[in-house]
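Notes follow the structure.
In what follows, every heavy atom counts, from backbone to side chain, and hydrogens, waters and symmetry copies are set aside.
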Amino acid sequence: MRMLVRFGKKSRLRFISHLDLQRFLHMALNRTGLPVLYSQGFNPHPLMAFGSALALGWTSEYEIIDVRLAAPMGRGKCEAGMRRALPEDLPVLEVKLVDDRYPSVMAQVVASDYRITLGGDRAQAVIDQIPAFLDSTQIMAMKKTKSGEKEINIRPLALRLEVAEGNTLHARLMLTEKDALKADLLVRTLAEMAGVDAPEMRVHRVSLLGKDAAGELRPLMEL
């Protein structure tokens, strides 16, 4: 059996690195009292995987950990154990139990929804470029990869982009191992189109998305 836990990462912890968060969650799982399955060897640790790593400085309401359990448990008991173990800045928002045949969460991630809040006097110049961005079929940008920097067409990776209230953008961006677009690269590219430096920004992950049986994008916890 596996336990999928959706949790948030609030503003006070946004500069905690992914590695430090992983270490903290290992310790938190030790405190839950749940029958968590551990690795073998000299330094046993909980068998746990993330849906997708969150960039440093971002906040979220849709982080997912996939935890293997050594024995069947009820959802309510799992949720209560996780709520006791995590602080209020890492709130437990949802728990789902699946069997071991369920596909890995990481493999299911296709896209992510973000709320991007722009600050400063350059925000409007960036927002003004959105119609031109959406009307284009090719927008080239330099993307960092494991082997260095590479120029790619980011336009197909932005599945949705719209302006909400004030200087807030809602963006749906591809997030696969092969094709991924980060929110900060999107904003930097819009700023380059406007001929200005990138404005200050706050990025908040709203959802992680996968495809259902009909091929439609849905939040991972609903699959």
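- Rounded to the nearest 0.5 Å, atoms CG (Leu97) and CG (Leu69) are 7.0 Å apart.
- With Arg122 contributing its side chain and Asp197 its backbone, the two residues share a donor-acceptor pair below 3.5 Å.
- Heavy-atom neighbours of Glu200 CD from other residues, nucleotides or ligands within 6.0 Å: at or below the threshold of 12.
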Show your working on side-chain contact (heavy atoms from CB on, under 4.5 Å) between Leu185 and Val187 and close with a plain yes or no. CA-CA 5 Å; Leu185 177 57; Val187 172; over 6 Å; no

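- Listed here is the closest heavy atom pair of Leu186 and Leu173: CD2-CD2, 4.1 Å.
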Are Lys10 and Leu90 close enough, and set up right, to give a side-chain contact (heavy atoms from CB on, under 4.5 Å), and what steps lead you there? CA-CA 7 Å; Lys10 293 189 176 181; Leu90 294 173; over 6 Å; no

Yes or no on side chain to side chain donor-acceptor pair (under 3.5 Å) for Tyr38 and Asn30, after CA distance, side-chain angles and deciding distance? CA-CA 10 Å; Tyr38 286 78; Asn30 291 338; 2.3 Å; yes

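- The minimum heavy-atom distance linking Leu93 with Phe7 is given by the pair CD1-C, 4.0 Å.
- Using a distance-only test at 3.5 Å, with no hydrogens or angles considered, no donor-acceptor pair links the side chain of Thr32 to the main chain of Ala85.
- Within a 6.0 Å sphere centred on CD of Glu177, heavy atoms belonging to other residues, nucleotides or ligands number 12 at most.
- Leu118 and Ile127 make their closest contact through CD1-CG1, 4.1 Å (heavy atoms, listed as atom of the first residue, atom of the second, distance).
- Using a cut-off of 4.0 Å between Lys/Arg side-chain N and Asp/Glu carboxylate O, Arg83 and Glu79 are scored as salt-bridged.
- Looking at Glu63 and Arg205, a side-chain N of the basic residue comes within less than 4.0 Å of a carboxylate O on the acidic one, giving a salt bridge.
- In this structure, Pro91 and Lys9 have side chains that are not in contact, with every pair of non-hydrogen atoms separated by 4.5 Å or more.
- Between Asp99 and Arg101 there is a salt bridge, since at least one side-chain N of the basic residue sits less than 4.0 Å from a carboxylate O of the acidic one.
- With Ser60 contributing its side chain and Tyr62 its backbone, the two residues share a donor-acceptor pair below 3.5 Å.
- Linking Ile, Leu, Val, Met, Phe, Trp and Tyr whenever their side-chain heavy atoms come within less than 4.5 Å puts Leu169 and Ile139 in one cluster.
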Chi angles and distances behind the side-chain contact (heavy atoms from CB on, under 4.5 Å) call for Met3, Val95: CA-CA 7 Å; Met3 172 179 66; Val95 172; 4.0 Å; yes

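- One N or O on the side chain of Ser39 and one on the backbone of His45 form a donor-acceptor pair closer than 3.5 Å.
- Closest of all the heavy-atom pairs between Met193 and Ala132 is CE-CB, 4.2 Å.
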With side-chain contact (heavy atoms from CB on, under 4.5 Å) as the test, would you mind laying out the steps for Thr189 and Ile154 before giving the verdict? CA-CA 9 Å; Thr189 302; Ile154 68 169; 3.6 Å; yes

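- Closest approach of Ala71 and Pro35 over heavy atoms only: O-CG, 3.9 Å.
- Atom CZ of Arg12 is surrounded by 12 or fewer heavy atoms from other residues, nucleotides or ligands within 6.0 Å.
- The backbone N or O of Ala164 lies less than 3.5 Å from no partner atom in the side chain of Thr168, so there is not a single donor-acceptor pair.
- Under the 4.5 Å side-chain criterion, counting only non-hydrogen atoms from C-beta, Val67 is in contact with Val36.
- Panel note: side chain Lys143, backbone Lys182; no donor-acceptor pair is recorded below 3.5 Å.
- With sequence neighbours excluded, no residue forms a ring-ring contact (aromatic ring centres under 6.0 Å, His included) with Phe133.
- Under a 4.0 Å N-O distance rule, the pair Asp113/Arg160 does not qualify as a salt bridge.
- Cluster annotation: Ile65 is not connected to Val206 through the hydrophobic network of ILVMFWY side chains, with a link wherever side-chain heavy atoms come within less than 4.5 Å.
- With rounding to the nearest 0.5 angstrom, the OG1 atom of Thr59 is 11.0 Å from the CG atom of Leu13.
- Environment of CD in Glu151: crowded, with over 12 heavy atoms of neighbouring residues, nucleotides or ligands closer than 6.0 Å.
- Taking CG of Asp66 as the reference point, atom CZ of Arg2 lies at 4.0 Å (rounded to 0.5 Å).
- In this structure, CG on Asp135 lies 12.0 Å from CD1 on Ile130, to the nearest 0.5 angstrom.
- A donor-acceptor contact shorter than 3.5 Å is absent between the side chain of Arg6 and the backbone of Leu220.
- No continuous path of hydrophobic side-chain contacts links Leu54 to Met48 [ILVMFWY only; heavy atoms under 4.5 Å].
- Both Trp58 and Leu208 are part of a single hydrophobic cluster, where members link through side-chain heavy atoms under 4.5 Å apart.
- Between Leu217 and Val110 the shortest side-chain heavy-atom distance falls below 4.5 Å.
- Taking the side chain as every heavy atom from C-beta outward, Lys211 and Glu216 never approach each other to under 4.5 Å.
- Cluster annotation: Leu34 is not connected to Ile64 through the hydrophobic network of ILVMFWY side chains, with a link wherever side-chain heavy atoms come within less than 4.5 Å.
- Side-chain atoms of Asp100 and Arg68, non-hydrogen and from C-beta on, do get closer than 4.5 Å to each other.
- Taking CD from Glu162 and NE2 from His170, the interatomic distance works out to 7.0 Å, rounded to the nearest 0.5 Å.
- Within the 4.5 Å cutoff, the side chain of Leu157 has no heavy atoms near those of the Leu175 side chain.
- Annotation: Lys96, atom NZ; neighbour count of heavy atoms from other residues, nucleotides and ligands within 6.0 Å is above 12.
- Two residues are said to be in side-chain contact when any heavy atoms from C-beta on lie closer than 4.5 Å; Ser112 and Arg172 fail this criterion.
- Atom CZ of Arg14 has more than 12 neighbouring heavy atoms from other residues, nucleotides or ligands inside a 6.0 Å radius.
- Looking only at distances, no side-chain donor or acceptor of Arg218 sits under 3.5 Å from a matching main-chain atom of Gly210.
- With a 4.5 Å cut-off on side-chain heavy atoms, Leu21 and Arg23 do not count as touching.
- To the nearest 0.5 Å, atom OG of residue Ser17 and atom CZ of residue Phe15 are 12.5 Å apart.
- Of all heavy-atom pairs between Pro156 and Met174, the closest is O-CG, 4.3 Å.
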